[in-house]
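The structure displayed is predicted, hence computed values, not measured ones. For the numbers below, each heavy atom of this structure counts, side chains included, while hydrogens, waters and symmetry mates do not. All chains are named by letter (A, B, ...) in the order of the sequence lines, taking the proteins before the strands, and each is independently numbered beginning at 1.
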Amino acid sequence: MLITIKDDFNLFKICNSGQCFRCPTVNGYTRFIFRNHILYIKQLSDESYDISCTEELWNTIWLPYFDLTRSYKKIRRLTTKDTFMKKATREGLGIRILRQDPWEMVITFILSQRKSIPAIKKSVEALCTHFGSLVTTEHEIVYLFPTPEQLKDATDDILSECGLGYRLPYVKDAVEQALYNTIVTNEWYEFDDHTLFTMLKSIKGVGDKVANCIMLFGYNRIGRAPVDTWIEKIINTKYNGVDPFPSYGDVAGVMQQYAFYYSLQHKDEF
DNA sequence: CTCCAGGGTTTGC
DNA sequence: GCAAACCATGGA
């Protein structure tokens, strides 16, 4: 069915901004997965898109997934006097912060440490094909992200095939804690930022950066601005070592994502 | 072959 | 409290 999206929305940039790692183009459509829901979406013209789901599912699942109730146009206007961020928002126009599944974010960003984006993609994909549920769609065969139950009996040998490396015990521990319902329960959605941050960091292999990524991409806490190697380079080369993101307050995470995307597109500047 | 990747934990001071 | 060592693997 056809829908209209009027706010910032660029499928390519959303998929290449380092927040989701398995959103390929299939038969001209971009594929997104949220838990057991699969969406194929294709831009037809400026504001017109073809989607594979019903209107009800679009409204209940995908509208919040793409954070479409928030105006990113307004957020982009908050860059007064910040010349670098003005450039970054221009470069990243169309990026949105996805509201992804927290469990998937925990495992994905535990994996992400000291890996390149292509390596993260390969590792996450391997986890899905080895342990996730198989779904046949109109376009392809897809594997969902594995649940804690599906990862429960995984052997070290097969997990190692997913390229987990030294992060393997972290993943196994997270699976164990999720099975006993001590991490990433539904109650965690209600926690305030500080509590959520503390709870996430209690998971082995989750430090400041990964906790902020989980909060930003899994809990839509758009005030969180993860500082990784690229953001650190930006702070040092563009801001003389002074972190500019706290000054953006409750939308710092969106600015961070614009800046991160910019750095990926202009690696030679850093 | 080397170097580094959307870092975190452990150890030593 | 902080800095340094160490971590396993793949892509460039």
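- Residue contacts shown for A:Tyr261 are absent, as no nucleic acid heavy atom lies under 4.0 Å away.
- To the nearest angstrom, P of B:dA5 lies 17 Å from NZ of A:Lys121.
- Both A:Gly205 and A:Ser17 lie near DNA chain B, and the one whose nearest nucleotide falls closer to the 5' end is A:Ser17.
- For residues 113-123 of chain A, the pairs satisfying side chain to side chain donor-acceptor pair (under 3.5 Å) are A:Gln113-A:Tyr166, with sequence neighbours left out.
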All N/O donor-acceptor pairs, side-chain side in residues 199-207 of chain A, below 3.5 Å, sequence neighbours left out:
unit_1, atom_1, unit_2, atom_2, d
A:Lys201, NZ, A:Asp208, OD1, 2.4
A:Ser202, OG, A:Met199, O, 2.5

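- Atom CG in A:Asp173 sits about 16 Å away from atom P in B:dG8, given to the nearest Å.
- Residues satisfying the ring-ring contact (aromatic ring centres under 6.0 Å, His included) test with A:Tyr143, not counting sequence neighbours, are none.
- Counting atom types as modelled, A:Glu232 pairs no side-chain N or O with a base atom of B:dG6 as donor and acceptor under 3.5 Å.
- For the pair A:Lys42 and A:Tyr29, the cation sits on the ring face: its NZ or CZ lies under 6.0 Å from the ring centre, inside 45° of the axis.
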Side-chain polar contacts of residues 55-63 of chain A - donor-acceptor pairs under 3.5 angstrom, sequence neighbours left out - could you list them?
unit_1, atom_1, unit_2, atom_2, d
A:Asn59, ND2, A:Glu55, O, 3.3
A:Thr60, OG1, A:Glu56, O, 2.9

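- For the pair A:Arg224 and A:Phe197, the cation sits on the ring face: its NZ or CZ lies under 6.0 Å from the ring centre, inside 45° of the axis.
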Revision key, fill the gap. Heavy-atom contacts, protein to nucleotides 7-12 of chain C, under 4.0 Å, summarised as B (base), S (sugar-phosphate only) or - (none) per nt, yield BBS-S-

Give the table of side-chain donor-acceptor pairs shorter than 3.5 Å for residues 251-261 of chain A, with sequence neighbours excluded, one pair per line with atom names and distance.
unit_1, atom_1, unit_2, atom_2, d
A:Gln256, NE2, A:Pro226, O, 2.8
A:Gln257, NE2, A:Ser17, O, 2.5

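- In this structure, NZ of A:Lys233 is placed 14 Å from C1' of B:dG7, rounded to the nearest angstrom.
- The separation between A:Leu111 atom CG and B:dG6 atom C1' is 12 Å, rounded to whole Å.
- The nucleotide whose nearest atom lies closest to any side-chain atom of A:Ser112 is, among B:dT9, B:dG8, B:dG6, B:dG6.
- Following rounding to the nearest Å, A:Tyr262 (OH) and B:dG6 (P) show an atom-to-atom distance of 18 Å.
- An aromatic stacking contact between A:Phe109 and the base of B:dG6 is absent, as defined here by ring centres under 5.5 Å apart and ring planes under 30° from parallel.
- Between the CG atom of A:Asn212 and the C1' atom of B:dG8 there is a distance of 14 Å, rounded to whole Å.
- Taking atom C1' on both B:dG6 and C:dC2, the two are 24 Å apart, rounded to the nearest angstrom.
- Going from atom CD1 of A:Ile110 over to atom C1' of B:dA5 covers 18 Å, rounded to whole Å.
- Here the separation of B:dG8 from C:dG11, taken at their P atoms, is 22 Å to the nearest Å.
- Atoms CG (A:Leu200) and C1' (B:dG8) sit 15 Å apart, rounded to a whole Å.
- Using a 4.0 Å heavy-atom distance criterion, A:Val227 is classed as making no nucleic acid contact.
- For B:dC1 and C:dG10, the P atoms lie 15 Å apart once the distance is rounded to whole Å.
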